[in-house]
Student: 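The structure's right below; bear with me while I get my questions together.
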Amino acid sequence: MTGRLVLVSTPIGNLGDLSPRAVEVLKGCALICCEDTRHTGKLLSHAGVSGVRLAVANEHTEATRTDDVLGVLAGGRDVAVVTDAGTPGISDPGARLVQAAIAAGYPVTAVPGPAALVMALVLSGFDTTRFVFEGFLPRSGRDRADRLAEVASERRTVVLYEAPHRVARTVADLGAACGGDRRVAMARELTKVYEEVWRGTLGEAAAHLDEQPPRGEYVLVLEGAPAEGPADDEAILAALRMALEGGADRRGAIATVMAATGAAKRRVYDLALTLPRPGS
Ligand code: SAM
């Protein structure tokens with residue numbers, strides 16, 4: 001008899017969303033890996049779970065927690081993995097422990113539950129048949145510029161996470177990359193008292209955030225790029241500017257934008273020549 005590694009989803013704001021099966025699993029395991037023992041301790045006391053060992057497995061310590069976890073599984077007891085909110089492994093720790101358990105041959109399962117990305121997607125009103133989860137964009141530089149260019153040409157609905165103090169900047173950058181007319185849904189404080197889903201264009205979203213600075217946690221859901229025709233000149237120019245501002249040289253920016261938009265090299269090259277040389 002070996003134990004199982006169980007990823008347990010926890011509420012993203014409303015404690016009522018902790019499922020009865022999640023409570024049952026948390027009560028029955030020998031070890032609960034969490035990001036923050038104080039935070040998870042409060043959830044456990046709310047759920048009436050006591051006497052289970054808690055250990056930190058956050059982005060810095062998840063790898064070093066592996067031996068402990070595998071030892072418990074070898075002893076025939078279950079290990080639960082929770083994070084501060086939502087589904088472990090989604091922009092949160094969890095994946096490394098899953099990989100280690102699979103590699104060592106232990107069963108891995110999950111108690112499904114809240115995930116901000118799914119809730120925001122289904123509330124956005126956009127196409128849910130095909131979508132892309134981008135998580136958090138890189139914060140700056142070439143990586144960010146490249147990713148924004150990819151997002152701009154993505155046909156599927158795109159779901160992004162963002163910290164409240166960076167939402168306005170990300171909405172502005174998305175507007176520069178995709179054009180101000182692209183539609184976006186900004187889902188904030190999901191499952192909480194002040195839950196709100198704001199819908200409009202990226203241009204309107206920037207103005208809205210100017211009037212009402214972001215508060216609480218946000219998921220941004222971006223409508224996919226229109227299917228008809230290749231990117232227009234403005235979108236290509238915006239993507240070139242983003243790549244250049246992110247530190248790419250002209251050749252690199254052209255390559256990035258060609259890959260992201262599918263536009264022909266000659267066209268992207270000619271448009272790049274209308275922009276100031278990088279560093280000038
Ligand atoms: N594992 C979590 C999940 O399953 O959704 C995500 C953890 S990630 C570190 C935190 C991000 O998720 C936040 O910055 C925000 O973008 C999003 N998020 C989490 N809770 C949210 C909520 N109640 N309302 C809106 N966004 C939320």
Side-chain angles (χ1 to χ4, degrees), residues 3-66 68-73 75 77-101 106-123 133 135-136 159 161-165 187-197 214-219:
R4 304 166 308 160
L5 184 74
V6 192
L7 300 197
V8 179
S9 295
T10 60
I12 56 171
N14 188 324
L15 288 176
D17 294 336
L18 187 68
S19 75
R21 195 158 80 83
V23 176
E24 189 189 312
V25 165
L26 292 170
K27 279 183 176 163
C29 64
L31 172 66
I32 299 174
C33 294
C34 63
E35 290 184 273
D36 177 340
T37 51
R38 260 185 40 162
H39 184 97
T40 297
K42 283 187 199 155
L43 179 76
L44 296 181
S45 75
H46 161 84
V49 179
S50 59
V52 181
R53 180 162 70 93
L54 271 179
V56 174
N58 59 28
E59 58 177 320
H60 308 294
T61 61
E62 187 179 356
T64 52
R65 182 61 57 196
T66 306
D68 185 8
V69 168
L70 296 182
V72 175
L73 296 176
R77 299 291 309 275
D78 289 348
V79 176
V81 181
V82 301
T83 58
D84 285 353
T87 300
I90 299 296
S91 295
D92 262 344
R96 286 200 191 113
L97 288 174
V98 169
Q99 284 150 15
Y106 293 109
V108 180
T109 185
V111 178
L117 84 95
V118 175
M119 184 164 173
L121 173 70
V122 297
L123 295 181
F133 176 56
F136 292 93
V159 185
Y161 282 169
E162 193 48 286
H165 61 284
R188 66 182 276 264
E189 298 286 75
L190 294 171
T191 76
K192 302 185 195 176
V193 176
Y194 295 108
E195 173 181 315
E196 178 188 51
V197 184
R215 286 175 76 177
E217 303 204 82
Y218 280 76
V219 181

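Because the structure is predicted, anything quoted here is derived from the model rather than measured.
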Student: Can you see which heavy atom on A101 is nearest to which on L70, and at what distance?
Tutor: CA-CD2, 4.1 Å
Student: Out of curiosity, Y218 OH to E196 CD, how far, rounded to the nearest 0.5 Å?
Tutor: 6.5 Å
Student: Distance check, rounded to the nearest 0.5 Å: H60 atom NE2 versus R65 atom CZ?
Tutor: 14.0 Å
Student: So which atom in V72 and which in A30 form the shortest heavy-atom distance, rounded to 0.1 Å?
Tutor: CG1-CB, 3.8 Å
Student: Working note: I32 + L26, criterion side-chain contact (heavy atoms from CB on, under 4.5 Å); need CA distance, chi angles, decisive distance, verdict.
Tutor: CA-CA 7 Å; I32 299 174; L26 292 170; 3.8 Å; yes
Student: Just jot down the side-chain hydrogen bond (donor to acceptor under 3.5 Å, both in side chains) partners of K42, sequence neighbours excluded, or say none.
Tutor: none
Student: Heavy-atom distance under 4.5 Å between the side chains of P93 and E35, does that happen here?
Tutor: yes
Student: Identify the heavy atoms of R21 and P112 that sit nearest to each other, and give their distance.
Tutor: NH2-CD, 3.7 Å
Student: Short question: side chain of E62, backbone of G94 - any donor-acceptor pair under 3.5 Å?
Tutor: yes
Student: Quick one: OG on S9 to CG on D17, what's the gap to the nearest 0.5 Å?
Tutor: 11.0 Å
Student: Assess whether side-chain contact (heavy atoms from CB on, under 4.5 Å) is satisfied between E195 and N14, documenting all intermediate values.
Tutor: CA-CA 11 Å; E195 173 181 315; N14 188 324; over 6 Å; no
Student: Using modelled atom types and a 3.5 Å cut-off, is there a donor and acceptor pairing between side-chain atoms of T87 and backbone atoms of P114?
Tutor: yes
Student: For the side-chain contact (heavy atoms from CB on, under 4.5 Å) test, which of L97, V108, L31 pairs with V79?
Tutor: L31
Student: Does the D78 side chain pair with the main chain of G3, one donor and one acceptor, at a distance under 3.5 Å?
Tutor: no
Student: When you measure from the side chain of S91 to the backbone N and O of G135, does any donor-acceptor pair fall under 3.5 Å?
Tutor: no
Student: To the nearest 0.5 Å, tell me how far R96 CZ sits from T61 OG1.
Tutor: 9.5 Å
Student: Which atom pair, heavy atoms only, marks the closest approach of T37 to L54?
Tutor: O-CD1, 3.8 Å
Student: Give the intermediate values and the outcome of side-chain contact (heavy atoms from CB on, under 4.5 Å) for residues R4 and Y106.
Tutor: CA-CA 6 Å; R4 304 166 308 160; Y106 293 109; over 6 Å; no
Student: Which pair of non-hydrogen atoms, one from G28 and one from R77, has the smallest distance, and what is that distance?
Tutor: O-NH2, 3.5 Å
Student: Nearest 0.5 angstrom please: I12 CD1 to T191 OG1, how far?
Tutor: 4.5 Å
Student: With sequence neighbours left out, write down each residue that passes side-chain hydrogen bond (donor to acceptor under 3.5 Å, both in side chains) with D36, or none if nothing qualifies.
Tutor: none
Student: If only atom types and distance count, is the side chain of E189 paired as donor or acceptor with the main-chain N or O of E217 below 3.5 Å?
Tutor: yes
Student: Would you mind reporting whether L123 and L190 have side-chain heavy atoms less than 4.5 Å apart?
Tutor: yes
Student: Rounded to the nearest 0.5 Å, what separates atom CG in L7 from atom CD1 in I90?
Tutor: 9.5 Å
Student: Under the rule for salt bridge (charged side-chain N to carboxylate O under 4.0 Å, His left out), what residues qualify as partners of E24, not counting sequence neighbours?
Tutor: none
Student: Hey, is the main chain of L117 close enough, under 3.5 Å, to the side chain of Y161 for a donor-acceptor pair?
Tutor: yes
Student: Report yes if the side chains of V6 and C29 come closer than 4.5 Å at any heavy-atom pair, otherwise no.
Tutor: no
Student: Assess whether side-chain contact (heavy atoms from CB on, under 4.5 Å) is satisfied between T40 and T10, documenting all intermediate values.
Tutor: CA-CA 10 Å; T40 297; T10 60; over 6 Å; no
